[in-house]
Amino acid sequence: MRMNFKRMLSASVIAIGYVASFSATAATPAPATMAGDFGPPQGAPIHAVLTSPPNVPPPTNRKAPAKVIVELEVVEKEMPISEGVSYTFWTFGGSVPGSFIRVRQGDTVEFHLKNHPGNKMPHNIDLHGVTGPGGGAASSFTAPGHESQFTFKALNEGVYVYHCATAPVGMHVANGMYGLMLVEPPEGLSPVDHEYYVMQGDFYTAGKFREKGNQPFDMEKAIDEKPTYVLFNGAEGSLTGDKALKAKTNEKVRLFVGNGGPNLVSSFHVIGAIFDKVRFEGGSNVQTNVQTTLIPSGGAAIVEYQTKVPGSYIMVDHSIFRAFNKGALAIMKVEGPEDKSIYSGKEVDSVYLGDRAAANMASVTTATANAASGTLTVQDQIAAGKSLFNGTCSVCHQPSGSGLPGVFPPLAKSDFLNADPKRAVGIVVRGLNGKVTVNGSEYNSVMPPMNQLNDDEIANILTYVLNTWGNVGGQVKSAEVKAERQKVAAKAAAEH
Ligand SMILES: [Cu+2]
């Protein structure tokens, strides 16, 4: 009974949402550029170029409205969501976010939605750029192995989210069913050197952040709005390392930034850059000199800036735990000569990047795969542990393990560590404070518990530490970390 009421309620809320956005478009035209029908399409029909993120289709370069055919296929597929973690995404066009669609204001769009025969679920599409009930949702409900077709006129310019609206809507969106459609103004957008497509989404997996293996969707976490991952372009690391966005100094960059949700609002920020222009909410008004722009769930913005100083620019959701503990972190790498008059120099990648400063975490994936198949070697653990140590432990204990005199004790040739190597498991899980003497020097400081690391990660890091810098050697197993964590949990329970 309660469930029925809830369902009814959510259905009516959705319906109100659609009606409201429909009447708002009809009644209140945007202040800068009006909605406009530029008459019937001219010339032969054009097939839209669709791109997968972070790519954006080229400008339409058209002076007249056309008939544009869009063919979009829904594909349900397993893809990595983090190193060694996979998730069964539901996608528009095989990627998360879905294919980028670019048309011109006044175009007549003939939309074909295909649902791949190998799929298990029915799907549809609600395009926020469509004026009409459900944004196309009602006309596009498509069973696996079928195709739907509907036509709309792109009346309003702007950048618009599209998403699946098949029940349970939240689940389809949480699985990655969203993307962006740009409706260019009749004169087109101003020329820039680079256009990129970035879209945030929150994800809910049964396992914890970075817990390895295939992770199913967790409906409870989704309803409670407690995401396991908050990501740009559907995977941790989708825009870092070799896949970072690229630009040179003194170039104009335009980002189309969407937020698919399903739940969170994004505080989109690029560390070290100021947005010269933002078309906030994807609308026609331009805000200038912006540090952080708010992107609602089911909304988008067009962000522009000029690159000046070379280096790594980190894009985050400035609700900052999401960036550093849930994955909402992307990088734009700007190359070119220094301009010391603007910034003195010195790269500080690892300060912000943590373990993401490592271009590639393949060793972690290998260790996970070998652990699963029972062939994990000490060498695998050392390689994975090295990648993980850099950016987590190295922040304090230094990449060389030397520590900092009087502040952070050394791990290299540490008599304290080597006297009882397994004690280190407890130190990483619980943290450490109070007096410790390492190699004759006293430290009286605090090491916080490294709770963000999972059992495999801690085991690999400690195995690396024990086998490096002249330490005693040996191996720490994931099960030992797990047992230590359970001791902590049992103690906490007993205390309450
Ligand atoms: Cu769907």
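Numbering of ligands and ligand atoms starts at 1, following listing order.
Applying the ring-ring contact (aromatic ring centres under 6.0 Å, His included) rule to His172 yields the partners Trp90, His123; only residues at least two apart in sequence or on another chain are considered. For Tyr162, the ring-ring contact (aromatic ring centres under 6.0 Å, His included) partners at least two apart in sequence or on another chain are Phe92. With sequence neighbours left out, Lys67 forms a side-chain hydrogen bond (donor to acceptor under 3.5 Å, both in side chains) with Glu110.
Paired with Phe256 under the rule ring pair (Phe, Tyr, Trp, His ring centres under 6.0 Å), one option of Tyr160, Phe268, Phe100 passes, and it is Phe100.
Near the Cu ion (ligand 1), less than 2.8 Å away, sit the protein N, O or S atoms His123 ND1, Cys164 SG, His172 ND1, Met177 SD.
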Stepwise, does the side-chain hydrogen bond (donor to acceptor under 3.5 Å, both in side chains) test hold for Tyr178 with Asn259?
CA-CA 9 Å; Tyr178 43 77; Asn259 184 5; over 6 Å; no
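Counting non-hydrogen atoms of neighbouring residues, nucleotides and ligands closer than 6.0 angstrom, the NZ atom of Lys477 reaches no more than 12 such neighbours.
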